[in-house]
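What you see is a predicted model; the values in this text were computed from it and never measured.
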Amino acid sequence: MTDIKYRQYISYSLLAISGILLLCTVFATDISLVNGLVMGKVHWFHLAMLLLAAYCLVATVLIKTEKPFVPSVADGLVLALTAIVTLTYNWQLNPEPEKMMFGGQLVILWFLLRFIFTGWPQSKIFFLVMIAGTGLIEAVSGMRQLHGFEGSNHSLFRLTGDFYNPGPYSGYLAMVLPICLWMILQFDNYKKAGWRQVNIYLYYLGWISLLAIIIVLPAGMSRAAWIAAVVSCGWVYWVQRIGWEKTKRFIKKHQTLSTVSFFVILILVASALAGIYVLKKESADGRLLLWKITTQAITKQPWTGTGLGGFPAAYAEAQAEYFSSGKASEIEKLVAGCPEYGFNEFLQIGLEQGVFGLLVFVLLLSYSLFRGVKNRQIGAAGGILALMVFSLASYPLQLPEFWVVLVGLMGVICTSVASDTPPTPSREGRKILSVAMIGCLTFCCGWIFWQQKGYYQGYKKWNTMKMLYNNKAYEAACDGYEELVPLLGHKPELLFETAQCLSKAEHFADANVLLERAMKLSGDPMIHYMAAKNEQAQGNFPEAERLLLYAIDMLPERIYPYYLLTKLYAEPTFFQEDKFIKATDAVLTKEPKVESTAIREMRTEVKSMLNNIRQNRN
């Protein structure tokens with residue numbers, strides 16, 4: 001008996017440690033890597049997954065699980081979504097190999113958590129408590145940043161937590177908030193119990209985390225996070241304390257009051273939304289345009305999608321078509337950009353994975369909410385609801401920590417231990433089957449970890465090359481950049497920097513080979529600007545003109561491409577007076593978003609060019 005308890009203690013400890021390390025993904029940063037705030041989390045997640053799989057295998061060997069694993073509808077939806085992502089992916093271009101490996105780890109994580117929560121149901125509350133703990137730590141970190149005790153990760157914002165800017169930071173807190181509220185409501189009956197009761201500590205942890213998040217959340221100035229927090233917390237309280245039956249009885253008993261209250265709430269909600277819109281009107285107009293263009297891009301290939309990583313280039317192409325059609329308003333032209341993300345995860349998934357992929361993803365989330373209510377996992381369901389609302393106007397699923405928590409919450413919800421289980425093999429046979437399943441998952445996890453580990457050194461070397469690049473030591477950095485292209489050639493930023501180094505060495509053709517690939521991966525108009533300058537340097541003036549005109553179609557209010565056109569049309573062998581005058585007029589008359597020294601210098605140079613041409617004509 002003592003030996004069994006000892007093995008159980010070891011198993012539970014290993015699983016608890018690996019679970020904590022997994023949820024610590026949100027805190028992981030590595031300044032030695034390029035984009036270390038994100039890539040540090042990605043590499044930490046791969047390591048944590050390896051430990052989780054290994055510990056899970058050890059726990060399975062040491063002790064028997066309490067209940068057998070039973071497949072569910074959610075498992076089928078997860079596998080269906082995995083198949084869609086795999087089939088729609090552009091394997092020839094291979095735009096996101098790291099995200100594909102990360103997605104493979106998420107599938108492994110899903111089945112590991114399903115196995116853990118089935119065999120050890122008590123680990124569910126542990127997982128939720130740890131998520132609440134991460135929210136508390138992030139809230140405290142935010143308070144320290146606001147009061148100057150800790151530096152932020154962005155020069156323009158005082159509040160970022162362990163994120164790059166306040167947007168996703170606020171979204172993470174909004175996702176944790178309903179879990180904290182649920183802990184308060186769930187363990188409210190234990191507040192008068194003795195201090196030896198574990199639940200009393202969970203009750204006060206919920207309160208402390210809730211208050212800390214509420215204090216810091218408004219300072220993030222994220223409208224999407226505010227709405228997500230209010231909607232999810234209101235829903236959690238309604239389900240946990242009121243419910244549909246009480247609501248129906250109240251409406252039936254107080255029909256007039258209910259009708260008046262409904263319209264008052266409707267007016268308040270409309271007023272709040274209008275106020276939120278006015279708070280950052282230009283930003284809101286930009287989001288509306290972004291969603292409009294994304295919807296148009298979806299209609300071009302609704303069934304197959306672009307595949308994972310296809311959003312930036314497809315969006316830029318759709319926006320160029322929209323602006324060149326002449327249908328865009330002046331406001332739309334002013335607020336336009338070429339973002340890397342869709343700022344609406346559902347639209348981005350619809351564009352990349354097609355309508356079927358979006359449908360399966362929505363079904364998976366909806367099924368999770370349904371099972372959350374049925375299994376009385378209201379806190380976990382509230383966290384998913386908050387993430388869904390936040391995803392309507394932000395990009396949380398482009399960051400690893402949100403996926404880790406989402407998969408965990410869905411695992412908590414969709415794993416229910418039934419009292420009546422279907423016929424199963426004998427204990428020995430069941431244990432052999434469990435060990436075989438976990439062993440297979442561990443092998444897959446180890447294989448993915450081995451495949452991605454080379455990227456860590458690649459990002460480290462890129463960071464060194466980037467220092468040389470930022471100091472304009474292009475020749476010194478050129479060889480190092482070219483060595484990184486085979487490994488990190490899916491990163492348009494690296495391709496751009498490598499092409500810049502090649503351009504400075506006057507290897508214009510080689511530079512444009514890289515820029516052509518970058519155009520397929522990104523919608524950044526700077527790629528077209530550089531490619532046009534390289535073509536001009538080689539004397540390919542018509543191709544340079546085409547690239548610049550396409551870039552202007554993408555973002556018609558940018559002054560820089562008109563400046564480049566002015567210099568192109570001033571070439572003696574390509575001089576076209578009418579086009580030159582039109583381009584100079586755009587440089588001199590267009591209003592920039594932000595007045596800068598670069599704008600003034602461009603205008604001064606263009607005026608000088610214009611005066612020279614007029615003098616030569618006279």
S.K.: Taking 4.0 angstrom as the limit, do Lys300 and Glu321 come out as a salt bridge?
M.R.: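 Between Glu321 and Lys300 there is a salt bridge, with a charged N closer than 4.0 Å to a carboxylate O.
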S.K.: Can any side-chain N or O of Arg603 pair as donor or acceptor with the backbone N or O of Val587 at less than 3.5 Å?
M.R.: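 It does hold such a pair.
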S.K.: Please indicate whether Lys520 has more than 12 foreign heavy atoms, meaning atoms of other residues, nucleotides or ligands, lying under 6.0 Å from its NZ.
M.R.: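 Not more than 12 within 6.0 Å, no.
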S.K.: Is the ring pair Phe580/Phe575 parallel, tilted or perpendicular, if the boundaries are 30 and 60 degrees?
M.R.: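 It falls in the tilted class, 30° to 60°.
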S.K.: As an exercise, state the distance from CD of Gln452 to CZ of Phe102, rounded to the nearest 0.5 Å.
M.R.: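 It comes to 11.0 Å.
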S.K.: Asp524 side chain to Met526 main-chain N or O, any donor-acceptor pair under 3.5 Å?
M.R.: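 It does hold such a pair.
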S.K.: Distance-only, no hydrogens or angles: does the Asn463 side chain make a donor-acceptor pair with backbone N or O of Tyr459 under 3.5 Å?
M.R.: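 No, Asn463 side chain to Tyr459 backbone: no donor-acceptor pair under 3.5 Å.
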S.K.: To the nearest 0.5 angstrom, please state how far the CD atom of Gln348 sits from the CG atom of Leu290.
M.R.: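 Interatomic distance, Gln348 CD to Leu290 CG, rounded to 0.5 Å: 9.0 Å.
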S.K.: Flag the pair Tyr172 / Asp162 as yes when at least one side-chain heavy-atom distance between them is below 4.5 Å, and no otherwise.
M.R.: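 They are not in contact (no side-chain heavy atoms under 4.5 Å apart), so the answer is no.
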S.K.: Please report the shortest heavy-atom distance between His490 and Tyr455, naming the atom on each side.
M.R.: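 Answer, listing the atom of His490 first, then Tyr455: CE1-CE2, 3.7 Å.
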S.K.: With a sphere of 6.0 Å drawn around CZ of Arg517, does it hold more than 12 non-hydrogen atoms of other residues, nucleotides or ligands?
M.R.: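 Yes, enclosed.
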S.K.: As an exercise, state the distance from OG1 of Thr498 to CD of Glu483, rounded to the nearest 0.5 Å.
M.R.: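 It comes to 11.0 Å.
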S.K.: Working to the nearest 0.5 angstrom, can you tell me the gap between Leu81 CG and Phe361 CZ?
M.R.: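 One gets 7.5 Å once the value is rounded to the nearest 0.5 Å.
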S.K.: Flag the pair Ser503 / Lys533 as yes when at least one side-chain heavy-atom distance between them is below 4.5 Å, and no otherwise.
M.R.: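 Not touching, per the 4.5 Å side-chain cut-off.
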S.K.: For residues Gly310 and Glu352, report the shortest heavy-atom separation together with the two atoms involved.
M.R.: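 The answer is N-OE2, 3.5 Å.
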S.K.: What distance do Leu502 atom CG and Cys478 atom SG have between them, rounded to the nearest 0.5 Å?
M.R.: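 With rounding to 0.5 Å, CG (Leu502) is 4.5 Å from SG (Cys478).
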S.K.: Has Ser608 got a side-chain atom pairing as donor or acceptor with Thr604's backbone, closer than 3.5 angstrom?
M.R.: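 Such a contact is absent between Ser608 side chain and Thr604 backbone.
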S.K.: Could you check whether Tyr469 and Tyr474 have their ring centres less than 6.0 Å apart?
M.R.: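 Here the rings of Tyr469 and Tyr474 have centres that are less than 6.0 Å from each other.
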S.K.: Check each of Tyr164, Phe311, Tyr341 against Tyr395 using the ring-ring contact (aromatic ring centres under 6.0 Å, His included) test, and report the only one that passes.
M.R.: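 Of the listed residues Tyr164, Phe311, Tyr341, the ring-ring contact (aromatic ring centres under 6.0 Å, His included) partner of Tyr395 is Tyr341.
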S.K.: More than 12 heavy atoms of other residues, nucleotides or ligands under 6.0 Å from CD of Glu475: is that the case?
M.R.: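 No, the 6.0 Å shell around CD holds no more than 12 heavy atoms from other groups.
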S.K.: So, taking the atom named CD in Gln536 and the one named CD in Glu543, what distance separates them when rounded to the nearest 0.5 Å?
M.R.: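 Reported value, rounded in 0.5 Å steps: 12.5 Å.
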S.K.: Any chance CH2 of Trp91 has more than 12 other-residue heavy atoms, nucleotides or ligands included, within less than 6.0 Å?
M.R.: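 Counting neighbours around CH2 of Trp91, more than 12 heavy atoms of other residues, nucleotides or ligands fall under 6.0 Å, so yes.
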S.K.: For Leu399 and Pro168, work out which heavy atoms get closest and say how close.
M.R.: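 Looks like CD1-CB, 3.5 Å.
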S.K.: Has Leu156 got more than 12 heavy atoms of other residues, nucleotides or ligands less than 6.0 Å from its CG?
M.R.: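 Buried by this count: over 12 neighbours within 6.0 Å.
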S.K.: Look at the side chain of Asn344 and the backbone N and O of Ala393, then say whether any donor-acceptor pair between them is shorter than 3.5 Å.
M.R.: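 No, Asn344 side chain to Ala393 backbone: no donor-acceptor pair under 3.5 Å.
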S.K.: Please check if atom NZ in Lys461 has more than 12 non-hydrogen atoms from other residues, nucleotides or ligands closer than 6.0 Å.
M.R.: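 Enclosed: over 12 neighbouring heavy atoms sit under 6.0 Å from NZ of Lys461.
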S.K.: For Phe496, is the CZ atom crowded, meaning more than 12 foreign heavy atoms sit under 6.0 Å from it?
M.R.: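 Atom CZ in Phe496 is packed in, count exceeds 12.
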S.K.: Measure from the side-chain N and O atoms of Ser391 to the backbone N and O of Glu345, and report whether any donor-acceptor pair falls under 3.5 Å.
M.R.: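 No, because the side chain of Ser391 does not come within donor-acceptor range (under 3.5 Å) of the backbone of Glu345.
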S.K.: Near Gln538 CD, under 6.0 Å, is it more than 12 heavy atoms from other residues, nucleotides or ligands?
M.R.: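 More than 12 within 6.0 Å, yes.
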S.K.: Is any side-chain N of the basic residue among Glu557 and Lys590 closer than 4.0 Å to the acidic one's carboxylate O?
M.R.: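 Salt bridge flag = yes for Lys590 with Glu557.
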S.K.: Under 3.5 Å, is there a donor-acceptor pair between the Ser141 and Arg144 side chains?
M.R.: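 No, Arg144 and Ser141 have no side-chain donor paired with an acceptor closer than 3.5 Å.
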S.K.: Do the charged groups of Glu545 and Lys579 touch, with an N to O distance under 4.0 Å?
M.R.: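 Judged by the 4.0 Å cut-off on N to carboxylate O distance, Glu545 and Lys579 do form a salt bridge.
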